[in-house]
Participant: 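Pasting a structure below so you can have a look.
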Amino acid sequence: MSLHSFSLSLSLSSLSTALSKAAATSQEALLRSCNSSCRKHLDQLYVQLIVSGLYKCGFLVIKFVNACLHLRDVNYAHKVFREVLEPDILLWNGIIKGYTQNNIFAGAIRMYKDMQVSGVNPDCFTFLYVLKACGGMSVEGIGKQMHSQTFKYGLGSNVFVQNSLVSMYARFGQTSSARLVFDKLHNRTVVSWTSIISGYVQNGDPVDALRVFKDMRRSTVKLDWIVLVSVVTAYTDMEDLGQGKAIHSLVTKLGLEFEPDIVVSLTNMYAKCGRVEVARFFFNQMEKPNLLLWNAMISGYAKNGYGEEAIELFRKMISKNIGVDSVTVRSAILAVAQAGSLELARWLDGYISKSEYRDDVFVNTALIDMHAKCGSICFARGVFDRMVDKDVVLWSAMIMGYGLHGHGQEAIDLYNRMKQSGVCPNNVTFVGLLTACKNSGLVKEGWELFHQMRDHGIEPHHQHYSCVVDLLGRAGYLNRAYDFIMSMPIKPGVSVWGALLSGCKIHRQVRLGEIAAEQLFLLDPYNTGHYVQLSNLYASAHLWNHVGNVRLMMTQKGLNKDLGHSSIEINGNLETFHVGDRSHPRSKEIFEELDRLERRLKAAGYVAHMESVLHDLNHEEIEETLCNHSERLAVAYGIISTAPGTTLRITKNLRACVNCHSAIKLISKLVDREIIVRDAKRFHYFKDGVCSCGDFW
DNA sequence: ATAGGGTTAG
């Protein structure tokens with residue numbers, strides 16, 4: 001059969017049906033993520049289109065373009081598009097949509113310009129895709145031009161176009177421009193309200209988002225689940241569980257509580273607000289949780305210190321062959337980093353090295369952080385060295401890792417190597433460097449590095465200022481630290497005053513400490529840590545009345561001292577201990593060992609500093625509380641359950657207490673073991689009676 | 001043919 005007769009044999013309608021079928025089958029195929037056979041089908045159709053001359057029929061080409069788009073192959077669509085001599089507006093819209101939907105935003109904008117050159121006027125559909133492309137690639141100038149073009153083409157009051165403008169400005173981070181567009185819209189739909197509400201949420205302004213939501217409820221527009229997702233997110237960001245629960249009841253009242261994506265946002269809300277068990281209830285009630293729900297649950301566990309639960313879910317996903325994405329992987333890494341388990345870190349590293357994320361920069365940066373936090377600076381360095389393309393954040397993560405371990409000089413050396421390799425530092429790099437200096441007592445170096453920031457065009461943030469205050473404070477230069485705070489160009493925040501207070505505690509500077517505490521109570525009234533620090537400061541100066549007053553303030557505010565817990569990893573199992581914990585099956589032996597250690601400590605001349613404990617306790621109770629601290633229980637358990645000489649690795653949720661710190665120093669010598677403790681701030685390496693932190697933390 | 005949302009965040 002000749003080509004000519006072949007083309008004649010095709011009827012218009014049969015080709016049309018074939019293309020519809022191609023679009024439908026290719027969509028299915030995409031779901032099955034096997035598109036090779038469909039590609040072949042498309043090739044055949046393409047030949048047919050060209051050969052038959054039917055590519056001149058606009059609607060057939062549109063169908064073809066749609067088939068291509070289902071295959072996410074915009075290049076193929078473009079190839080056909082170019083065959084058409086005078087594309088009409090429908091075809092132009094089709095191809096622009098194709099680029100936008102495939103996230104090739106520059107292509108969409110280029111096609112828009114080509115379209116104008118060719119003399120075809122855009123319509124409302126055109127703008128939807130072009131505005132989305134502008135938002136997607138954050139081209140504010142072009143976006144603004146497009147905005148004026150909408151007026152030129154008489155679309156100033158088209159709801160669809162105006163809604164897209166609201167979203168576009170929100171994506172630029174210009175919520176006030178978005179708001180102006182929104183305010184001028186009088187025929188607002190639920191989509192208009194959702195666009196402005198989510199715009200505020202995405203730009204970190206949940207308060208305004210909720211204000212708008214209040215207005216919305218006074219309007220006649222009906223709520224749907226999509227707008228409620230944004231509202232739940234707003235309450236999640238504000239950590240306002242009370243109001244969040246109210247929205248939860250509203251969701252139930254509207255019968256939307258089984259909407260899968262509402263479930264995701266509610267799970268996330270309860271998890272972020274610390275109510276992991278409620279989150280887990282949501283998770284469990286779904287027969288087949290979607291990927292986002294798995295991710296919300298895993299990250300919720302990870303962030304609240306439930307590392308093992310997070311990893312358990314992650315393992316379940318793998319064994320059930322549920323596909324994970326990079327968010328899942330990063331949440332799992334976070335979970336292991338929080339748990340501090342060396343064994344889990346090794347396992348996860350192995351898993352990732354065999355996965356498609358093995359070269360992902362984000363994942364590898366998180367891995368460096370994880371290995372460092374699990375106490376394995378060598379593994380962190382291994383990941384770092386393996387990466388060929390190192391960006392600033394990768395370098396910074398490694399620098400931070402050294403800082404965490406108190407290897408200040410290594411951090412600085414690495415920084416110099418980074419500059420040599422042509423990578424410019426950013427503010428994260430300096431957080432790492434300054435942290436490294438403060439954890440190693442490198443006062444002079446830290447001070448100089450802080451002043452180098454401006455040479456690199458980096459404006460210091462709160463974290464940098466607080467590192468400097470910490471650096472000066474622990475070295476005893478408290479008045480200088482205070483003057484430094486007073487000279488700050490930005491308003492000193494919680495971290496800065498917190499750093500001053502801890503410096504004051506180390507050097508028993510009551511007056512300045514009170515000034516810092518006063519600020520902290522104003523800025524962060526419900527954070528227990530500040531009250532404990534102030535109380536410890538008073539205790540160190542023997543001001544027992546004041547200690548009592550702080551205690552009273554805490555009771556009045558309904559605050560309890562955060563409970564300490566420590567975990568130790570034995571044969572790959574994490575065992576967690578709380579203060580005075582007697583729930584462990586080997587509890588009896590643990591307490592016998594604690595007694596034995598206590599006697600040996602006393603014999604070696606160890607005396608507890610009673611000052612640093614919160615009290616209205618009598619002497620005996622103090623001693624009792626001291627030796628019951630969770631880290632001591634973990635040490636005792638470690639000693640009785642491992643071979644002599646084995647290194648003990650312990651993770652504690654709070655900062656190390658002074659007494660346990662000096663006790664563990666001595667224990668490391670008495671039992672001749674290396675003991676590694678990761679507290680809330682850093683690593684302590686105890687060996688032969690000394691600690692790597694040099695007793696400053 | 002039309003628009004809006006959610007998980008991470010080194």
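Computed from a prediction, not measured in an experiment: that's the story for all the values here. We use all heavy atoms of the structure for the numbers below, so side chains are in, but hydrogens, waters and symmetry mates are not. A, B, ... follow the sequence lines: proteins, then strands. Residue 1 opens every chain.
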Participant: So if I take every side-chain heavy atom of A:V190 and compare against B:dA3, B:dA9, B:dG4, which nucleotide ends up nearest?
Facilitator: B:dG4
Participant: State the CG-CZ distance between A:N268 and A:F282, to the nearest 0.5 angstrom.
Facilitator: 11.5 Å
Participant: Could one point to a donor on the side chain of A:S195 or the base of B:dG4 with an acceptor on the other under 3.5 Å away?
Facilitator: no
Participant: Is the shortest side-chain N to carboxylate O distance from A:D369 to A:K373 below 4.0 Å?
Facilitator: yes
Participant: Could you tell me whether the phosphate oxygens of B:dT8, OP1 or OP2, come under 4.0 Å of any side-chain nitrogen or oxygen in A:K272?
Facilitator: yes
Participant: Mind calculating the distance between CZ (A:F384) and P (B:dG10) to the nearest angstrom?
Facilitator: 18 Å
Participant: Indicate whether OP1 or OP2 belonging to B:dG4 is found under 4.0 Å from a side-chain N or O atom of A:K132.
Facilitator: yes
Participant: Give the rounded distance in Å between these two atoms: CG of A:L131 and C1' of B:dA3.
Facilitator: 11 Å
Participant: Roughly how many Å is it from CD in A:Q338 to P in B:dT8, rounded to a whole number?
Facilitator: 13 Å
Participant: Check the geometry between A:F160 and B:dT2 and answer yes if their rings are stacked (centres below 5.5 Å, planes below 30°), otherwise no.
Facilitator: yes
Participant: If you apply the rule ring-ring contact (aromatic ring centres under 6.0 Å, His included), what do you find for A:F384 with A:W395, and how did you get there?
Facilitator: CA-CA 8 Å; A:F384 176 81; A:W395 285 96; 5.0 Å; yes
Participant: Assess whether one donor atom and one acceptor atom, taken from the side chain of A:N364 and the base of B:dG10, lie less than 3.5 Å apart.
Facilitator: no
Participant: Using whole Å, report how far CE of A:M216 lies from P of B:dG4.
Facilitator: 15 Å
Participant: Looking at A:T365 and B:dG10, is any side-chain donor or acceptor paired with a base atom of the opposite kind under 3.5 Å?
Facilitator: yes
Participant: For A:R188, look at atom CZ and say whether over 12 heavy atoms of other residues, nucleotides or ligands are found less than 6.0 Å away.
Facilitator: yes
Participant: Between B:dT2 atom P and A:W92 atom CH2, what is the distance in whole Å?
Facilitator: 21 Å
Participant: Please check if the number of heavy atoms outside A:F213 that lie under 6.0 Å from its CZ is greater than 12.
Facilitator: yes
Participant: Take the protein atom CD of A:Q162 and the nucleotide atom P of B:dA3, then report the distance between them rounded to whole Å.
Facilitator: 15 Å
Participant: Would you say the base of B:dA9 stacks on A:F362 (centre-to-centre below 5.5 Å, plane angle below 30°)?
Facilitator: no
Participant: Side chain of A:L90 only, heavy atoms from C-beta on: which candidate in B:dG10, B:dT8, B:dA1 is closest?
Facilitator: B:dA1
